[in-house]
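A short worksheet on the structure shown next.
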Amino acid sequence: QFWNFYLPKRDITKKEEHGSSGWDRPTMRRCWELLDHSSRSFSAVIKELDGDLARVICLFYVVLRGLDTIEDDMSIPDDVKQPLLRSFHEKTVTPGWNFNGNGPDEKDRIVLVDYHVVVDELLRLEPACRDTIIDICRKMETGMADFAHRAALSSEPLTIDTIKEYDLYCHYVAGLVGEGLSRLFSVTGKESASLAHQLQLSNSLGMFLQKTNIIRDFQEDANERRFFWPREIWCLPEYSLDGRTPATDILQLLQEPQRARWVQSAMVVDALRHSCDALDYLRLLRNQSVFNFAAIPAAMAIATLDLCFMNSDMFERNIKIRKAKAADLIMRSTNPREVALIFKEYARSIHAKASPSDPNFLRISVACAKIDQWTERNY
Ligand code: RWZ
């Protein structure tokens, strides 16, 4: 939780700062604890949000974390998981509801064990905020359930064939988060009413963050037999030294270092597709606390893409941006121009590392040039 040190700390339990919105109710206190427990990086930026928005986004986060914890748990059989996922938006407003059926090693099982406190707080929320959270929850659970069901049918872990499917999956688990956040910013009056309608841009910011995590976490996910990298990207024959039959199993990637490198660069270019939309989105934000909330993760993401690019360590161990680098990015992410300069800096670093022998070389150059031009055009 290193960025707690760099963001001014606010005591979220101090009632006088927040008027009568119930910050010191035991159930709300418990929701803050669940947020602290389940998010490594978001808890700090959420707590910095203006006034009651922090509470609303905290609850949004914990609801989606609960849903995610059901989707994630491979020990729940499909015939239990399906109805549970598809009714999660109803459970979320059912007083007293909780769930004890997660496996013992599920990291965030406590969120669902204590879920009745989340329900309690959600039912007290202004209807406009509650309805937005429920609507996003309903869309996300349906998408997750469809993907989980397909995986169960093929008795395989989740596998994604095409880039189109990969985009759809990321839309469900992250693009919808962007949509929900924009609607909550609008409905609470912290941002303009029109932000709620910028679906393409808010979707892109979520996709950009999610895809960066999927690239970085390859090794961790593979160990748990979850494979998000689409077959269409890792199965290309031109990534073989001698045009050999491409790997039929994604784990063979690790046996073929050159293929691993090219596939990794193809994944990075794919994520970069969303970067200019993400920058466009940040430019629409007017509230400083909302800006920081969106811009800090975006700056971390572009730095993480640069860290992953052409880095074979990523396949061996978890890699992370250095603490000092992260602190620097947090302090710089205060306005859209500065964030654009951060994007430009990392796009140049990625471009400089690209190899002309990489089949993706041209696409990398184009993607990096687009970020550069975005910055030149706008600032
Ligand atoms: C940030 C308010 C945990 C909610 C969703 C996130 C679980 C899969 C994880 C809710 C940045 C990584 C956190 C892309 C949004 N779905 N993907 C709030 C949540 C990227 C954040 C995490 C998604 C998400």
Side-chain angles (χ1 to χ4, degrees), residues 3 31-32 34-49 53-73 85 88-89 92 106-112 115 118 122 125 129 132-145 147-148 158 160 166-185 187-188 190-191 202-217 220-221 224 226 228 271 274 278 281-282 289-290 292-305:
W3 50 16
C31 289
W32 288 112
L34 293 174
L35 174 70
D36 283 337
H37 171 87
S38 57
S39 90
R40 292 172 207 87
S41 43
F42 274 89
S43 157
V45 272
I46 289 176
K47 287 175 189 170
E48 291 301 319
L49 285 165
L53 186 57
R55 205 170 72 85
V56 174
I57 303 300
C58 170
L59 294 173
F60 185 40
Y61 188 96
V62 178
V63 167
L64 298 185
R65 178 56 70 188
L67 179 59
D68 193 63
T69 304
I70 296 170
E71 185 217 21
D72 241 30
D73 191 334
L85 284 177
F88 196 74
H89 69 288
T92 285
E106 197 54 44
K107 183 188 148 286
D108 296 321
R109 74 188 311 284
I110 188 68
V111 173
L112 291 165
Y115 204 75
V118 182
L122 219 68
L125 219 53
C129 292
T132 302
I133 293 174
I134 299 306
D135 180 52
I136 297 296
C137 186
R138 188 181 48 74
K139 289 174 176 163
M140 191 183 291
E141 77 199 15
T142 308
M144 284 175 164
F147 274 90
L158 177 113
I160 293 175
Y166 177 53
D167 281 356
L168 186 62
Y169 180 76
C170 292
H171 165 73
Y172 285 133
V173 303
L176 286 172
V177 178
E179 176 184 330
L181 289 169
S182 296
R183 285 165 60 182
L184 292 170
F185 299 153
V187 86
T188 53
K190 298 294 177 188
E191 292 289 346
S202 56
N203 186 56
S204 291
L205 179 60
M207 304 263 291
F208 182 65
L209 302 183
Q210 181 70 18
K211 285 183 169 186
T212 301
N213 284 0
I214 285 178
I215 295 168
R216 187 200 55 196
D217 296 341
E220 195 184 321
D221 290 333
E224 290 159 34
R226 298 169 64 82
F228 298 107
H274 308 285
Y281 181 78
L282 294 178
S289 74
V290 169
N292 295 347
F293 170 78
I296 292 173
M300 297 290 180
I302 189 82
T304 300
L305 285 179

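Please read all numbers here as calculations on a predicted model, not as lab measurements. In listed order, ligands and their atoms are each counted from 1. Any value given below was found using the heavy atoms of this structure, including those in side chains, with hydrogens, waters and symmetry copies removed.
- In the model, Y172 has no side-chain atom that pairs as donor or acceptor with a side-chain atom of T142 under 3.5 Å.
- Atom 15 (C) of ligand 1 has as its closest protein heavy atom V177 CG1, 4.0 Å.
- Here the protein heavy atom with the shortest distance to atom 5 (C) of ligand 1 is L64 CB, 3.9 Å.
- The shortest contact between atom 18 (C) of ligand 1 and any protein heavy atom is with Y61 CD1, 3.4 Å.
- Counting protein heavy atoms only, atom 8 (C) of ligand 1 is closest to D68 OD1, 3.4 Å.
- Which parts of ligand 1 touch A174 is read off a 4.0 Å heavy-atom cut-off, strictly below it: atoms 14 (C), 23 (C).
- Salt-bridge check for D135 with R183: passed, with a basic side-chain N closer than 4.0 Å to an acidic carboxylate O.
- Looking only at protein heavy atoms, the nearest one to atom 12 (C) of ligand 1 is N213 ND2, 3.3 Å.
- Side-chain atoms of S43 and D36 form a donor-acceptor pair, as typed in the model, at a separation below 3.5 Å.
- Numbered from 1 in the order shown, with element, the atoms of ligand 1 that lie under 4.0 Å from a heavy atom of R65 read 3 (C).
- Distances below 4.0 Å separate heavy atoms of L181 from the following atoms of ligand 1: 2 (C).
- Using a 4.0 Å cut-off to heavy atoms of F42, the atoms of ligand 1 that qualify are 1 (C), 11 (C), 13 (C), 21 (C).
- Between Y169 and F228, the ring center distance clears the sub-6.0 Å criterion.
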**Item:** Intermediate values then yes/no, salt bridge (charged side-chain N to carboxylate O under 4.0 Å, His left out), K139 and E179
**Value:** CA-CA 11 Å; K139 289 174 176 163; E179 176 184 330; 3.1 Å; yes
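- Here the closest non-hydrogen pair linking N203 and G175 is OD1-CA, 2.9 Å.
- Backbone and side-chain nitrogen or oxygen atoms of Q210 are examined, and one is located within less than 3.5 angstrom of a nitrogen or oxygen of ligand 1.
- For F88 and Y115, the ring centers are positioned less than 6.0 Å apart.
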